[in-house]
Amino acid sequence: MSDFNESAPAPRQGGIAARAMAARGANAPDYLSGLNPEQRAAVETTEGPVLVLAGAGTGKTRVLTTRIAHILATGRAYPSQILAVTFTNKAAREMKQRIGMLVGGQVEGMPWLGTFHSIGVKILRRHAELVGLKPNFTILDTDDQIRLIKQLIQAENLDDKRWPARTFANMLDGWKNKGLVPNDIPEGDARAFAGKGRQLYAAYQARLTTLNACDFGDLLMHPIALFKANPDVLAEYHRRFRYILVDEYQDTNVAQYMWLRLLAQQPSRRQGGDAAISTLAGKIGASRSAPNIPSAARQGRPAVAADAAPPRSEPRSGDSVSANKPQQINICCVGDDDQSIYGWRGAEVDNILRFDKDFPGATVIRLERNYRSTGHILGAASHLIAHNEDRLGKTLFTDSPDPEDPKVEVNAGWDSEEEARAIGEAIEDLQRREDHNLNDMAILVRASFQMRSFEDRFVTMGLNYRVIGGPRFYERMEIRDALAYFRCVCQPADDLAFERIVNTPKRGLGDATVRLLHDYAREREVPIIAAAGEMVETEELKPKPRNTLRGLVADFRRWSELLPTMKHTELAEQILEESGYTEMWQNDRSAEAPGRLENLKELIRSMEEYESLPSFLEHVALVMDAEQNSEMDAVSIMTLHSAKGLEFETVFLPGWEEGLFPHQRALDEGGRSGLEEERRLAYVGITRGKRRVKIWFVSNRRIHGLWQSTIPSRFLDELPEAHVEVMEANTSYGGYGASGFGGYGASRWDGGNAFKESSYKTPGWKRAQAAQAGFAETPSRHGSDGWAGGRSREITYDAEPGSRGSGGGNGFAGRMNDGPAPGRGHNQPPKKGFGLYSSAKRGGPREIQGELVAKSVADTESRFAAGDRVFHLKFGNGTVAAIDGNKLTVDFDKAGQKRVLEGFVEAV
DNA sequence: AGGAACTCTATTTTT
DNA sequence: TAGAGTTCCT
């Protein structure tokens with residue numbers, strides 16, 4: 001049944017390896033020509049651990065795919081002996097396709113190329129019993145997960161408003177990213193949720209086991225636990241995988257790291273996390289064991305594998321290709337530390353930074369020759385990223401700099417509407433004058449709310465655009481409902497699916513009935529559908545719901561019986577018909593209803609490609625992904641995060657303002673490393689551009705409904721003059737800041753073309769420096785109608801509701817009226833007061849590559865000391881308790897302890 | 001069951 | 001401000 005226990009087959013006629021070998025030339029095979037020396041080294045260094053540091057646009061995927069082709073073509077391994085992991089399905093698909101192209105044909109023979117998760121499931125299906133699951137376990141999506149958690153929270157008699165399931169789901173995610181089981185979560189976390197954090201986690205896992213289900217995190221956690229507890233199983237995989245390849249290594253989290261290390265036969269280095277992993281399911285109350293004891297030992301099994309020396313002299317059946325060579329770790333990780341932008345969801349840049357320590361004797365190959373962008377773009381990006389401290393260091397270069405290439409542009413605008421207008425015009429310009437396709441242009445934003453102004457504008461202009469990202473096909477309500485029906489049919493134990501649709505469409509089976517069902521099922525420990533089947537035979541339900549439920553149970557029974565015989569697409573259609581689900585939307589008069597029906601049809605259509613309903617469900621759980629139509633010519637709008645890996649002729653980067661980019665929250669929560677991640681995001685953004693990069697910033701932006709004055713991003717100051725051109729403002733109101741816009745402005749950017757002389761001698765820059773010693777100056781007010789004159793709001797720190805931006809009446813600026821019409825008198829002289837963003841106080845200049853740059857906020861020395869008495873506009877008088885960069889912890893006499901920005905506080 | 005009124009919250013996202 | 005989610009009322 002599985003190909004796993006067979007010994008490696010001889011290359012089949014027409015099989016991938018055979019074809020690859022046939023395709024191989026005598027000396028320099030085709031696929032190797034056209035690689036540059038570094039790439040070629042990365043491909044040909046097949047043995048031992050290899051780290052390929054592949055800068056943006058240096059041909060990373062090409063190396064990865066060619067390397068696989070090379071391994072196959074030289075007979076080093078069979079396709080089934082190569083483990084190749086990616087993060088996204090898209091990347092996996094692309095790799096498969098490209099390997100196919102290299103080797104000539106479809107790659108049916110690469111069974112172990114896939115995402116961490118899909119490979120995880122594959123492993124888990126084979127050995128499910130070892131972690132207490134059945135092989136047909138379900139995979140829960142975030143939605144199910146949250147509903148389940150909510151039930152558990154309620155079962156613990158906690159207020160689910162005060163303790164939102166969402167929050168818990170996030171914590172859960174964090175733990176699983178770190179590979180922590182309930183017993184190993186930090187004490188602080190354990191105390192969360194009214195002291196029930198750990199208990200809830202354990203209860204959650206126990207519940208998943210009863211449901212015969214897994215969440216996404218478990219797809220990594222279970223295999224790790226399994227390998228550790230069953231060295232014999234791990235050894236089989238060791239024997240199998242001759243070569244391991246990892247894409248986007250900088251994005252791996254701790255759990256993925258542990259998973260890889262186990263498979264790479266490395267003794268584990270990280271004690272904490274490793275000791276943590278044991279069997280996840282239902283380990284409540286198990287006593288906390290001493291660190292460093294492998295979990296296998298705890299469970300009374302021999303401890304080998306991870307924590308002991310790797311079994312180097314394992315017999316290696318099925319290894320007909322190169323038997324008898326000493327065991328080597330042929331792992332190749334490809335990544336770019338400078339493009340690590342997922343720290344916030346658990347990625348550990350550290351994994352890539354430490355590779356050579358993890359794998360002693362590793363070969364490190366740098367790919368720095370860029371084939372994508374112009375010299376100016378590379379120069380700008382490299383100079384920017386050089387401001388990061390935690391990096392391995394690479395410098396991209398191009399062989400073909402062209403004096404005609406445009407420099408990276410920096411543009412200023414008044415507000416987000418003008419920004420959208422101007423970018424819209426620039427797009428039309430390129431389209432008309434340069435004959436650009438809209439498909440070659442993209443707008444990359446930091447946060448999705450920024451998209452709106454572009455959409456609004458493009459709609460009025462009649463400009464085609466396409467938003468990438470956002471809610472996906474399989475996340476739509478109607479799709480989830482339909483899938484829930486199918487799940488109930490295929491998996492009678494899927495309580496969550498059943499609960500989702502018992503009363504959809506409305507059948508009069510409301511909360512009360514469901515609760516009864518639930519209690520009954522829990523008590524008897526049977527699945528809810530089974531419980532329903534039993535309960536309708538009793539007197540426990542009122543006649544009406546009882547009859548309805550009886551009907552529904554009969555429906556499901558009938559559908560289940562049809563499952564083995566009927567064609568799955570027809571059955572699916574029948575289910576949706578007979579359940580009344582389709583009808584529900586047909587009767588719905590709302591505007592979305594027709595679209596939903598259309599989506600349901602699309603769902604059925606997409607099932608065609610799969611053999612059966614269960615196999616379709618499996619696909620859906622893992623590949624929450626649907627193709628977008630790329631037919632029409634349209635500008636792409638997306639976040640910087642979703643742009644990673646893409647490239648465009650022209651890239652627009654709006655919103656380069658302090659607080660937005662770098663994002664205030666990243667700064668607050670991540671400190672210096674948070675800032676560095678933001679900077680990498682900027683780097684990713686710039687390096688998406690092939691020929692043109694146009695950066696924008698504005699001086700007023702509406703955030704949470706209030707107009708905020710903003711200052712230019714510090715990243716602008718980190719761009720090298722040689723590769724950047726500051727554009728003259730060409731808007732009707734007369735340009736940005738020629739008259740010392742705002743007054744609080746902090747950089748060379750507010751001097752318009754003053755930049756060309758000397759960036760750091762401009763009044764703006766001096767002001768910025770001066771500001772560091774005292775208050776930043778206020779933003780200017782503008783307009784005259786409806787201006788509240790409220791106090792500026794405290795970004796993030798002030799959670800006190802109800803008082804932001806209104807009342808006060810003390811004349812400190814911050815609240816603006818509606819979008820200002822250009823040309824109106826918006827440039828009033830600055831008023832002395834409190835700065836909006838005290839991050840305006842960028843630290844003293846620092847020398848990098850002969851240039852002065854802004855220093856990060858974290859280094860700024862506070863003008864306060866612990867014990868100082870201070871006054872805060874809202875909280876009144878207080879005493880400084882602690883200082884953290886520009887943030888103060890203050891014990892207020894009346895308001896208690898608060899964290900406030902230094903800029904909002906005045907010495908008394 | 002449905003709707004009005006109210007509250008809360010506002011990066012980034014894959015699997 | 002706006003959208004989602006919840007509560008409360010009929």
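On a predicted model such as this, the values are computed, not experimentally measured, just so you know. In what follows, chains carry the letters A, B, and so on, assigned in the order in which the sequence lines appear, proteins first and then strands, with residues in each chain numbered from 1.
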A.B. asks: Between atom CG in L509(A) and atom P in dA1(B), what is the gap in whole Å?
C.D. replies: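 Going from CG in L509(A) over to P in dA1(B) covers 10 Å.
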A.B. asks: Can you tell me how far P of dT13(B) sits from CG of N177(A), to the nearest Å?
C.D. replies: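 Computing the N177(A):CG to dT13(B):P distance gives 16 Å.
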A.B. asks: How about T86(A) and E248(A): do any of their side-chain heavy atoms sit closer than 4.5 Å?
C.D. replies: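 Of all side-chain heavy-atom pairs linking E248(A) with T86(A), none is under 4.5 Å.
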A.B. asks: How should the glycosidic conformation of dT12(B) be described, syn or anti, under the criterion that syn lies within 90° of 0?
C.D. replies: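 dT12(B): anti glycosidic orientation.
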A.B. asks: Do R507(A) and S579(A) come within less than 4.5 Å of each other through their side chains, counting heavy atoms only?
C.D. replies: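 Side chain of R507(A) against side chain of S579(A), heavy atoms only: contact under 4.5 Å found.
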A.B. asks: Examine dT13(B): is either OP1 or OP2 under 4.0 Å from a nitrogen or oxygen in the side chain of S642(A)? Give yes or no.
C.D. replies: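 Result: yes.
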A.B. asks: Can you tell me the distance, in whole Å, between the CG atom of D251(A) and the P atom of dT12(B)?
C.D. replies: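 Rounding to the nearest Å, CG of D251(A) and P of dT12(B) are 18 Å apart.
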A.B. asks: Provide a list of protein-nucleic acid N or O atom pairs under 3.5 angstrom, restricted to nucleotides 6-9 of chain C.
C.D. replies:
unit_1: dT6(C); atom_1: OP1; unit_2: K150(A); atom_2: NZ; d: 3.3

A.B. asks: Taking 5.5 Å and 30° as the limits, would you call F87(A) and the base of dT15(B) a stacked pair?
C.D. replies: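 By the stated criterion, F87(A) and dT15(B) do not stack.
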A.B. asks: Select one nucleotide: of dT15(B), dT12(B), dA10(B), the one nearest the side-chain heavy atoms of T88(A).
C.D. replies: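 The closest nucleotide is dT15(B).
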A.B. asks: In whole angstrom, what separates R166(A)'s CZ from dT11(B)'s P?
C.D. replies: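 That distance rounds to 14 Å.
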A.B. asks: Assign E678(A) to base, sugar-phosphate, or nothing according to its heavy-atom contacts below 4.0 angstrom with the strands shown.
C.D. replies: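 Base, at least one base heavy atom under 4.0 Å.
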A.B. asks: Which listed nucleotide (dT11(B), dT15(B), dT1(C)) is nearest to the side chain of T142(A)?
C.D. replies: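 My answer, after comparing the listed nucleotides, is dT15(B).
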A.B. asks: Tell me whether H641(A) and dT12(B) count as stacked here, given that the ring centres must be under 5.5 Å apart and the planes must differ by less than 30 degrees.
C.D. replies: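 No.
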A.B. asks: Please determine, for the side chain of K506(A), which listed nucleotide (dT13(B), dT11(B), dG2(B)) has the closest atom?
C.D. replies: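 The closest nucleotide is dG2(B).
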A.B. asks: Nearest whole Å is fine: how far is dT15(B) P from M221(A) CE?
C.D. replies: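 Atom CE in M221(A) sits about 20 Å away from atom P in dT15(B).
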A.B. asks: With E677(A), which residues qualify under side chain to side chain contact (heavy atoms under 4.5 Å, CB included), at least two apart?
C.D. replies: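 Result, side chain to side chain contact (heavy atoms under 4.5 Å, CB included) vs E677(A): W344(A), R680(A).
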A.B. asks: Is there a donor and acceptor pair closer than 3.5 Å between the side chain of R345(A) and the base of dT12(B)?
C.D. replies: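 Check fails, no donor-acceptor contact within cut-off.
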A.B. asks: Has N89(A) got a side-chain N or O lying under 4.0 Å from the OP1 or OP2 atom of dT14(B)?
C.D. replies: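 No, no such contact exists.
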A.B. asks: What is the distance, rounded to the nearest whole Å, between atom CG of D668(A) and atom P of dT12(B)?
C.D. replies: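 Value for this atom pair: 16 Å.
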A.B. asks: Toward the 5' end of DNA chain B, which comes first, T639(A) or N503(A), by nearest nucleotide?
C.D. replies: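 Of the two residues, N503(A) wins.
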A.B. asks: Roughly how far apart, to the nearest Å, are dT12(B) and dG5(C) at atom P?
C.D. replies: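 Here dT12(B) and dG5(C) have their P atoms 15 Å from each other.
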A.B. asks: Residues two or more places apart in sequence or in another chain: which of them pass side chain to side chain contact (heavy atoms under 4.5 Å, CB included) with W585(A)?
C.D. replies: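 W585(A) satisfies side chain to side chain contact (heavy atoms under 4.5 Å, CB included) with M477(A), E478(A), Y581(A), D588(A), A593(A), R596(A), L597(A), L600(A) once adjacent residues are dropped.
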A.B. asks: From the options F661(A), Y683(A), F697(A), select the one residue that forms a ring pair (Phe, Tyr, Trp, His ring centres under 6.0 Å) with F715(A).
C.D. replies: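 Of the listed options, the one satisfying the test is F661(A).
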A.B. asks: By the 4.0 Å heavy-atom rule, please label R452(A) as base, sugar-phosphate, or nothing.
C.D. replies: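 Sugar-phosphate, backbone atoms only, no base.
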A.B. asks: Taking ring-ring contact (aromatic ring centres under 6.0 Å, His included) as the definition, give me every residue that meets it alongside F168(A), ordered by chain and number, with sequence neighbours left out.
C.D. replies: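 For F168(A) the ring-ring contact (aromatic ring centres under 6.0 Å, His included) partners, ignoring immediate neighbours, are W175(A), F193(A).
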A.B. asks: Would you mind reading off the distance between H663(A) atom NE2 and dT13(B) atom P, rounded to a whole angstrom?
C.D. replies: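 In whole Å, dT13(B) P lies 12 Å from H663(A) NE2.
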A.B. asks: Identify, with sequence neighbours excluded, every residue that meets salt bridge (charged side-chain N to carboxylate O under 4.0 Å, His left out) alongside R166(A).
C.D. replies: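 If we apply the salt bridge (charged side-chain N to carboxylate O under 4.0 Å, His left out) test to R166(A), skipping adjacent residues, there are no hits.
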A.B. asks: Tell me the interatomic distance from H704(A), atom NE2, to dA2(C), atom C1', rounded to whole angstroms.
C.D. replies: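 Rounded to the whole Å, the gap is 12 Å.
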A.B. asks: Who are the side-chain hydrogen bond (donor to acceptor under 3.5 Å, both in side chains) partners of R345(A), not counting sequence neighbours?
C.D. replies: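 Checked R345(A) against side-chain hydrogen bond (donor to acceptor under 3.5 Å, both in side chains); zero matches.
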A.B. asks: Taking the C1' atom of each, how far is dT13(B) from dA2(C), in whole Å?
C.D. replies: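 To the nearest whole Å, 22 Å.
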